[in-house]
Amino acid sequence: MSSERAAPLIWDTIERYFALLQAHAPAERMREAVLTDDFRTGFVDGLIWQGEQGLRDFLEARAEFFDEAHTMEQMSRPERLPDGRWRAHTRLDFFLRHRLDGSAVSDTFTGKAFHVWEFAPPLEPGEAPGDGRPSESTDDAPVGSRPGDGNDGDWRVAAQLVEGFAGLDANARRLFSQPASGLYLDDR
């Protein structure tokens with residue numbers, strides 16, 4: 001597959017990921033719909049959440065955001081990796097909102113985030129599983145199929161890692177001030 005053909009499939013995969021993240025979907029739903037079993041997220045040179053428990057911990061760390069939006073602005077040309085996965089870099093605007101316990105007002109966090117992503121494309125016919133993708137297929141399903149769609153757009157996010165930030169407001173600077181520790185939401 002060419003980078004030109006992979007690009008819109010990867011963009012769609014990122015949008016599916018953010019739609020679930022912004023809807024506060026449970027870990028099981030995210031894994032079933034768009035993530036690999038070995039999914040990892042976090043900060044390059046910082047804390048990384050990995051695998052099933054890592055995903056649960058990541059979702060718990062960000063659970064107090066009740067309103068959020070991630071808007072993709074730009075994506076690099078995807079590159080195929082030697083293991084068959086794909087890598088791309090993105091720039092996006094983000095908006096997060098949370099309310100302090102007992103407070104009548106909410107805090108917002110805004111800025112730009114730069115990510116490096118890894119993606120697992122759908123298995124090709126005859127290709128063996130075992131590449132970190134969920135293995136919940138039925139006996140009569142084609143190799144590589146998953147519950148749901150099984151179409152050319154059935155790519156999976158294997159990694160979403162923050163490479164850096166720009167234009168952070170004061171709250172976002174505080175939130176992301178300790179990447180080795182994850183998200184820093186103090187209770188002021």
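Owing to the predicted nature of the structure, the values given are computational and were not obtained by experimental measurement. Counting begins at 1 with the first residue of the sequence.
Ring orientation note: the planes of H98 and F109 are tilted relative to one another, at an angle of 30° to 60°. Classification of the F43-F165 ring pair by plane angle, with boundaries at 30° and 60°, yields tilted. In this pair, W49 and F58 present their aromatic rings tilted. The plane angle is within the 30 to 60° band.
When the side chains of ILVMFWY residues are joined at heavy-atom separations under 4.5 Å, either directly or via intervening members, L47 and V157 end up in a single hydrophobic cluster. Connection of F176 to L161 is not established within any shared hydrophobic cluster, with ILVMFWY side chains joined at heavy-atom distances below 4.5 Å, either directly or through further cluster members. By the criterion of side-chain heavy atoms lying less than 4.5 angstrom apart, applied directly or through intervening Ile, Leu, Val, Met, Phe, Trp or Tyr residues, W11 is grouped together with M1 in one hydrophobic cluster. V44 and I48 end up in the same hydrophobic cluster when Ile, Leu, Val, Met, Phe, Trp and Tyr side chains are linked at under 4.5 Å.
A salt bridge does not link E28 to R31: none of the charged side-chain nitrogens sits closer than 4.0 Å to a carboxylate oxygen.
Here the CZ-CG distance, from R174 to D169, works out to 9.0 Å after rounding to the nearest 0.5 Å. Going from atom CG of D38 over to atom CZ of R156 covers 11.5 Å, rounded to the nearest 0.5 Å. Interatomic distance, CD of E68 versus CZ of R62, reported as 4.0 Å (0.5 Å rounding). One distance of note links CG of L59 with CG of L20; it measures 10.0 Å at 0.5 Å rounding. One finds the CG atom of L9 at 11.5 Å from the CD1 atom of I14 (value rounded to the nearest 0.5 Å). We find the CZ-CH2 distance between R77 and W86 to be 8.5 Å, quoted to the nearest 0.5 Å.
S106 and R97 form a side-chain donor-acceptor contact under 3.5 Å, judged by distance and modelled atom types alone. A donor atom on one side chain and an acceptor atom on the other are not found under 3.5 Å apart for E163 and H115. Defined by atom type and a distance below 3.5 Å, a donor-acceptor pair is missing between the side-chain atoms of D93 and T71.
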Open item on the list: Run M72 and R91 through side chain to side chain contact (heavy atoms under 4.5 Å, CB included) and show every step you take.
Closed with: CA-CA 6 Å; M72 290 261 298; R91 180 182 72 210; over 6 Å; no

Verdict with reasoning, F39 to W117, per ring-ring contact (aromatic ring centres under 6.0 Å, His included):
CA-CA 10 Å; F39 170 75; W117 299 77; 8.5 Å; no

Please step through side chain to side chain contact (heavy atoms under 4.5 Å, CB included) for the pair L92 and F18, ending with a clear verdict. CA-CA 11 Å; L92 59 85; F18 279 129; 3.6 Å; yes

Subject >> Residue pair L168, F94: steps toward the side chain to side chain contact (heavy atoms under 4.5 Å, CB included) verdict >> reply: CA-CA 10 Å; L168 298 178; F94 67 87; 3.5 Å; yes

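Residues H89 and V116 approach most closely at CE1-CG2, 3.5 Å, considering heavy atoms. In terms of heavy atoms, D154 sits closest to P122 at O-CG, 3.7 Å. Minimum heavy-atom separation, T36 to A158: OG1-CA, 3.3 Å. Contact between S3 and P78 at its shortest, heavy atoms only, is OG-O, 2.7 Å.
Without hydrogens or angle criteria, N171 side chain to T108 main chain gives a donor-acceptor distance under 3.5 Å. Side-chain N or O atoms of Q22 include one that pairs as donor or acceptor with a backbone N or O of H70 at under 3.5 Å. Remark: side-chain polar atoms of R16 are paired, donor with acceptor, to backbone N or O of W155 under 3.5 angstrom.
In this structure, K112 and E73 have side chains that are in contact, with non-hydrogen atoms separated by less than 4.5 Å. At least one side-chain heavy atom of L55 sits under 4.5 Å from a side-chain heavy atom of L35. Residues E52 and D37 form no side-chain contact, since every pair of their non-hydrogen atoms from C-beta on lies 4.5 Å or further apart.
Ring to ring, F65 and F95 are not that close: their centroids are 6.0 angstrom or more apart.
Environment of CD in E60: sparse, with no more than 12 heavy atoms of neighbouring residues, nucleotides or ligands closer than 6.0 Å.
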